[in-house]
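The chains referred to below are lettered A, B, ... by the order of the sequence lines, with proteins before strands, and numbering in each begins at 1.
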Number of protein chains: 2
Amino acid sequence: MDSVWFGKPRPSSGQPLGLSREAIVRKALEMLDEHGLTKLSMRKLAAALGAAPMSLYWHVPTKDALIELCVDEIYGDFPLPAPDADWEPALREMMHSLRHLALKHPWWLRAIGEFTTIGPKAVAMADSMLEPMLRAGLTTAAAAQSVSTVSSFVTGYALAEANFTARGGMDSSPPDLGKIADLYREKHPRYVEMLNDPAVWTLEGQFEFGLDCVIDGIKARVAALR
Amino acid sequence: MDSVWFGKPRPSSGQPLGLSREAIVRKALEMLDEHGLTKLSMRKLAAALGAAPMSLYWHVPTKDALIELCVDEIYGDFPLPAPDADWEPALREMMHSLRHLALKHPWWLRAIGEFTTIGPKAVAMADSMLEPMLRAGLTTAAAAQSVSTVSSFVTGYALAEANFTARGGMDSSPPDLGKIADLYREKHPRYVEMLNDPAVWTLEGQFEFGLDCVIDGIKARVAALR
DNA sequence: AAGTTCCTCGTACACCGTAAGGGGTAGGAA
DNA sequence: TTCCTACCCCTTACGGTGTACGAGGAACTT
């Protein structure tokens with residue numbers, strides 16, 4: 001099945017009046033950030049743009065394709081590390097950026113899970129993650145393995161984190177932890193004790209701990225992987 | 001907002017004829033495994049059960065609630081480690097189980113990302129993950145931190161893995177890597193070289209590598225966390 | 001003036017989740 | 001026997017969704 005990336009963005013010789021692929025994506029991003037993935041509809045998007053629903057379909061083949069474009073646009077916000085940075089601080093910095101991106105756009109990770117997007121900006125990001133590792137002397141496979149490992153942790157963590165940080169406007173509210181604790185107090189006391197431990201909810205610190213673990217493990221292997 | 005878990009499953013004094021919450025969840029799981037999350041509709045589910053669409057709503061308050069029940073059911077398939085196992089092999093084994101669960105039910109991770117479910121079987125799984133760590137002498141917070149770190153990696157990895165392993169019947173097909181390589185060959189040669197490296201596609205080995213990294217990092221900290 | 005290309009829109013179709021309420025059936029009470 | 005109540009299933013209907021199809025109009029070329 002062909003993806004959006006293989007088709008041209010439709011030639012537009014005359015000056016675009018009001019509607020354009022870029023304008024549609026921009027407004028869609030705005031609405032996604034504000035209301036979440038499930039609340040976005042082509043009709044509402046068109047209304048927000050002052051156009052008829054079917055007008056969008058000239059610029060974008062389908063709703064799923066539009067969301068793929070939006071997902072890739074987010075990859076574009078990814079800040080690049082300094083071109084001469086050592087691999088470890090570069091990797092750390094990129095992973096912090098990745099987490100912040102995911103937390104800033106809660107719909108993003110969910111969309112990634114559903115649409116398997118590999119757009120130009122996603123490729124650029126992956127490429128720039130590879131770069132410091134290769135420069136440190138790793139083989140292609142080893143660099144890929146390292147990057148895949150850390151970014152798996154980060155996306156997994158951000159996914160869990162986003163579930164407990166759902167703010168206003170999202171699709172679902174976070175579960176009521178007090179009720180859950182009451183429900184399971186006698187059957188799973190260990191679990192309830194964990195829920196009530198304030199240290200568990202220092203999400204920033206938890207992330208740092210996990211990131212340290214993963215990077216330590218990679219560091220220990222970098223020598224062998226060269 | 002109340003969740004399914006806080007309401008009773010509707011008292012059923014007489015013998016249930018045909019329809020029941022259990023039967024509905026069972027059939028829904030079957031259809032989810034076969035056709036994926038987006039293809040499941042209450043109407044089709046009812047038809048598969050030989051019932052009218054609205055009949056389901058006696059047993060289940062809403063479609064989202066039904067999916068939460070399905071998600072929790074999957075947690076129930078999680079195999080428990082031996083009750084006297086050391087923390088490291090126990091953790092390893094559980095993470096392998098978690099990955100296999102995620103790959104066997106591709107809709108599952110996507111649903112977790114969308115619904116923030118904490119049902120009884122999810123709690124039981126979390127509890128049994130905590131157990132070996134606590135037995136090893138970790139504090140509650142340290143055990144939670146460790147488990148959260150590894151399972152974040154595993155879910156993140158499984159999410160990415162599932163995107164490249166989409167088999168028949170899923171919502172979207174995997175992207176055509178050959179075309180992608182052609183598109184980006186001159187702009188991102190490093191990335192394309194990675195795509196063409198067969199070692200990158202030994203997903204089992206990549207998973208093992210990542211898991212080793214994370215567990216090593218935790219192991220190095222276990223002493224300090226006691 | 002005629003044709004061509006680009007863009008916008010109106011209409012329509014097949015789906016979706018589910019609110020509201022109508023019946024039927026079974027068991028217990030009168 | 002008759003009535004009441006609880007439980008379960010269904011019909012109808014409403015307001016949404018993505019998008020196929022094709023009718024236009026506007027601008028530019030010839």
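Across the helix from dA1(C)-dT30(D) to dA30(C)-dT1(D), the helix axis at one end is tilted relative to the axis at the other end by 30° (nearest 10 degrees, each axis from five pairs).
Computed from coordinates, the Leu37(A) CG to dG18(D) P distance equals 11 Å when rounded to whole Å. In this structure, Leu19(B) atom CG and dC7(D) atom P are separated by 16 Å, rounded to whole Å. As rounded to whole Å, 13 Å separates atom P of dT11(D) from atom CG of Leu56(B). As rounded to whole Å, 17 Å separates atom C1' of dG16(D) from atom NE2 of His35(A).
In this structure Lys63(B) satisfies the side-chain hydrogen bond (donor to acceptor under 3.5 Å, both in side chains) test with no other residue, sequence neighbours excluded. For the side-chain hydrogen bond (donor to acceptor under 3.5 Å, both in side chains) test, no residue two or more places apart in sequence or in another chain qualifies with Glu93(B). For Asp127(B), the side-chain hydrogen bond (donor to acceptor under 3.5 Å, both in side chains) criterion is met by His188(A), Arg190(A), not counting sequence neighbours. By the side-chain contact (heavy atoms from CB on, under 4.5 Å) test, Ala23(A) pairs with Ser20(A), Arg26(A), sequence neighbours left out. Here Arg43(B) pairs with Ser41(B), Pro53(B) under the side-chain contact (heavy atoms from CB on, under 4.5 Å) rule; sequence neighbours left out. With sequence neighbours left out, Thr140(A) forms a side-chain hydrogen bond (donor to acceptor under 3.5 Å, both in side chains) with Glu193(B).
Glu30(A) and His35(A) share no donor-acceptor pair across their side chains, judged by distance under 3.5 Å alone.
Checking the phosphate oxygens (OP1, OP2) of dT8(C), a side-chain nitrogen or oxygen of His59(A) falls inside 4.0 Å. Distances shown here put every side-chain N or O of Trp58(A) at or beyond 4.0 Å from the OP1 or OP2 atom of dT8(C).
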Protein-proximity profile, nucleotides 12-20 of chain C, B/S/- by nucleotide at the 4.0 Å heavy-atom cutoff, equals B---BBBBB
Scan the side chains in residues 200-207 of chain A for donor-acceptor partners under 3.5 Å anywhere in the protein, sequence neighbours excluded, and list what turns up.
{"from": "Trp201(A)", "atom 1": "NE1", "to": "Leu195(A)", "atom 2": "O", "distance (Å)": "2.8"}
{"from": "Thr202(A)", "atom 1": "OG1", "to": "Ala199(A)", "atom 2": "O", "distance (Å)": "2.8"}
{"from": "Glu204(A)", "atom 1": "OE1", "to": "Arg99(A)", "atom 2": "NH2", "distance (Å)": "3.4"}
{"from": "Glu204(A)", "atom 1": "OE2", "to": "Arg99(A)", "atom 2": "NH1", "distance (Å)": "3.4"}
{"from": "Gln206(A)", "atom 1": "NE2", "to": "Val200(A)", "atom 2": "O", "distance (Å)": "2.8"}

